[in-house]
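Heads up, the thing below is written out as structure tokens.
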Amino acid sequence: RACMISDVCRHRILFDTPRQVVSCLERLKADPDLLILRVKGKTHGTMRIAAGNGFRGIVVQFCMVTEEARQSFANRHVCEIQLMLKSFVEICQDADMHERYLAYRDL
């Protein structure tokens, strides 16, 4: 069902330190123009990550609640931001993680 789609608008923000990730999350939560719907820590075991088929990050799903968003009905669209450490992304890129994810997803 189309109403269940939640990540057509997805962006990834990369950080150097965990403290920066927490700071960003706090700023997102404090933004009056956002309605935070869900914050989820997505982690998989170290073995899967070392094998290149895991994911580690924080996923924030939200809606814009500005007057402009309401007028255009964009306030009903759920957006997603992935907050991740740069070092982890580098490991995953070296291990062809995305290709493995696509293969598992399409099974």
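Quantities reported herein were computed from a predicted structural model and do not represent experimental measurements.
Under the 4.5 Å side-chain criterion, counting only non-hydrogen atoms from C-beta, E80 is in contact with V59. The shortest side-chain heavy-atom distance between V60 and L83 falls under the 4.5 Å cut-off. The shortest side-chain heavy-atom distance between M64 and N75 does not fall under the 4.5 Å cut-off. With contacts defined as side-chain heavy-atom distances shorter than 4.5 Å, the pair V39/I58 qualifies.
Note that CD of Q82 is 10.0 Å distant from NE2 of H11, once rounded to the nearest 0.5 Å. Taking CD of Q61 as the reference point, atom CZ of R38 lies at 5.5 Å (rounded to 0.5 Å). The line from NZ of K86 to CD1 of I13 is 12.0 Å long, rounded to the nearest 0.5 Å.
Residues Q20 and D16 come closest through the heavy atom pair OE1-N, 2.7 Å. When every heavy atom of G57 is checked against every heavy atom of M84, the shortest pair comes out as CA-CG, 4.1 Å.
The neighbour count for E68 CD, taken as heavy atoms of other residues, nucleotides or ligands under 6.0 Å away, does not exceed 12.
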Practice task
Please report the C-alpha distance between V78 and F62 in whole Å, then the side-chain angles of each, then the deciding distance to 0.1 Å, and finally whether the side-chain contact (heavy atoms from CB on, under 4.5 Å) criterion is met.
Solution key: CA-CA 6 Å; V78 179; F62 64 94; over 6 Å; no

Counting only pairs under 3.5 Å, give me each side-chain donor-acceptor contact of residues 25-36, with atom names and distances, residues two or more places apart or in other chains.
| unit_1 | atom_1 | unit_2 | atom_2 | d |
| --- | --- | --- | --- | --- |
| D31 | OD1 | D33 | N | 2.8 |

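A donor-acceptor pair under 3.5 Å is formed between the side chain of R70 and the backbone N or O of V65.
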